[in-house]
2 protein chains.
Amino acid sequence: MTLTSKAQNHAYSEHKTSRYVDCENCSMQPVCLPIGSENQAIDLTSNYLTRRVEVSAEKNSSSLLSQATGVKLFDQAKPLTAIFAVCSGTFKLSQQNEEGIETIVGFRFPGEVMGEDALFLNVYNYSAIALGDNSVCQVFVAPLSACSKVAPELQQNLIQLLTKQSYEQQLNNQALIGKKSADCLLAAFLLNICQRNAKHSGNATEIELSISRHDMANFLGIRRETLSRLLSKFQQEQLISFKEKQLSLLSLEHLKRLANN
Amino acid sequence: MTLTSKAQNHAYSEHKTSRYVDCENCSMQPVCLPIGSENQAIDLTSNYLTRRVEVSAEKNSSSLLSQATGVKLFDQAKPLTAIFAVCSGTFKLSQQNEEGIETIVGFRFPGEVMGEDALFLNVYNYSAIALGDNSVCQVFVAPLSACSKVAPELQQNLIQLLTKQSYEQQLNNQALIGKKSADCLLAAFLLNICQRNAKHSGNATEIELSISRHDMANFLGIRRETLSRLLSKFQQEQLISFKEKQLSLLSLEHLKRLANN
DNA sequence: ATCTTTTGTTGATCTACATCAAATATAAAC
DNA sequence: GTTTATATTTGATGTAGATCAACAAAAGAT
């Protein structure tokens, strides 16, 4: 894989049509926009922030298929060096148990932060794997900590970041825990990911979904076959349309009713 | 209900046999032990911390049964005023949807923190309900924020608290999301709660479990009948013993194997 | 004490989903 | 292009757990 830095320390603001998320819609914003305090004229972010690092699958590079294995941004159980915000593309967060069985514990879309829950033990709790050609912003932890010692305002912003993450983590999980039937689970999931993508795409009913059935089923805790059948059923019932990775939610109302059990 | 304060601002350290958790085993510790910096001689905690507030069910007080409804410490959707650490007893964290259907989103045992995920929107995301006669430490948010402005060290400690919570939240949920069978789910749950209680009780195989079958089943997303059958089966198979709210894990090995699917 | 309500257990049946299996579609490799 | 691997869909069958129902035990209310 390649990690190609195209660092420039300006905030990005682009058209909604761009595949890159605007800084103003990014959860990392509190710690990676220059701090506006008077006595802190220097831009601390230059010390710890690298903007828009490409995470590209090098095709034909090895015997492993990029589609199947993806490209790892960071690795479960390795020491924490940086936390990341997704600029473009989708990441899956994956854990492996002792027997090597993979469990997908979440997905991250543009504007969302990952790795921050490693700040407690300084070890990544999961691997982050790029689904396709993605890019991220990289916030190095050691200099971030150093900077926050001289800038209380930055510390305050870090708290803001962490509380938001805690809240959203809760929200994403609660959509899935304790759901009875598989169709309500799937409806909740589809609504959840469209909602999250709407923050930067501006469209809560359509997304380009690069997650494979395998990973989706793994995350939802159902079989691929069941997922496939449900997607077919949802399409027949005109709840969604889904072809060529393009997913549209056709009836938000009906889906929401389904998702609420 | 009654909230009786027995505030004294000393750290509590008691014998393992006590039903109250020691401060040294409490997740709130980073923000509620006096800060030891030289130029910050005053004890900030006196400004925001109230130790050991009793949360007691007033029996015969109303038509509502205390056992069934429990005693609310704080209420979903209400503005955040304080975050709490459990001193003794067990709390259930409960959400209600528009139709009034209850979903248990977690439990909190002595030494564990709750309400901190409301720091993002300043609104509680769930109700906390005491199962029995409990006590908590109460950390008022407004003065805590004020104090942290003058004591960067406190801010640092708050970050530590939040990262730990983020980590543990992840850990507790991951034990449950994507589990296939109900017995592996139950095994994971029993191991999880014993583990968490061991931090203060020192015993990872025995706990006094005051959670009703109803709440346990609700949290696990299975039916009470199924839970009852599984508990019977686990007892027959000598995996656990469970009578009079006293739960013992008889074979950690076997349970762990079960929990790993 | 009795009466009532809630909580927990056990049995019988039904259904949603897993599992097994095979076919088709898509993408990578040559 | 062809071949091979991987992803996805569809069908047939079995089973775990939901649902319905009745009963037992415990806790509160009177």
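Predicted model only: the values in this text are computed from it and were never measured. Chain naming here is simple, since letters A, B, ... match the order of the sequence lines and numbering starts at 1 in each.
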Subject >> Pair Glu116(B) + Arg108(B): basic N to acidic O under 4.0 Å >> reply: no

**OP:** Starting from P on dT10(D), measure out to CD on Gln236(A) and report it in whole angstrom.
**Re:** 8 Å

Original post:
What's the CG-P distance between Leu220(B) and dG17(D), to the nearest Å?
Top reply: 12 Å

**OP:** Mind calculating the distance between NE2 (His214(A)) and P (dA27(C)) to the nearest angstrom?
**Re:** 18 Å

Please tabulate, one pair per line, each protein N/O and nucleotide N/O from nucleotides 14-17 of chain C that are separated by under 3.5 Å, including the distance.
unit_1  : atom_1 : unit_2    : atom_2 : d
dC17(C) : OP1    : Ala182(A) : N      : 2.4

Subject >> Exercise: identify the closest heavy-atom pair between Phe234(A) and Leu255(A) >> reply: CE2-CD2, 4.2 Å

Original post:
Roughly how many Å is it from CD1 in Ile211(B) to P in dG8(C), rounded to a whole number?
Top reply: 12 Å

Subject >> Whole angstrom value for the distance that separates P of dG14(D) from CD of Glu225(A) >> reply: 17 Å

Original post:
Has Arg213(A) got a side-chain N or O lying under 4.0 Å from the OP1 or OP2 atom of dT9(D)?
Top reply: yes

Original post:
Does Arg229(B) make a side-chain donor-acceptor contact with the base of dT19(D), cut-off 3.5 Å?
Top reply: yes

Subject >> Flag if over 12 foreign heavy atoms under 6.0 Å of CD, Glu168(B) >> reply: yes

Original post:
Expressed in angstrom and rounded to an integer, what is the separation of Leu227(B) atom CG from dG8(C) atom P?
Top reply: 9 Å

Subject >> Lys/Arg-Asp/Glu bridge criterion (N-O < 4.0 Å) met for Lys243(B), Glu208(B) >> reply: no

Original post:
Taking 4.0 angstrom as the limit, do Glu102(B) and Lys92(B) come out as a salt bridge?
Top reply: yes

**OP:** Return the value, rounded to whole Å, for the distance between atom CZ of Phe242(B) and atom C1' of dT9(C).
**Re:** 13 Å

Original post:
Relative to each other, are the rings of Phe74(B) and Tyr124(B) parallel, tilted or perpendicular (30° and 60° limits)?
Top reply: parallel

Original post:
How long is the line joining CG of Asn218(B) and C1' of dG8(C), in whole Å?
Top reply: 16 Å

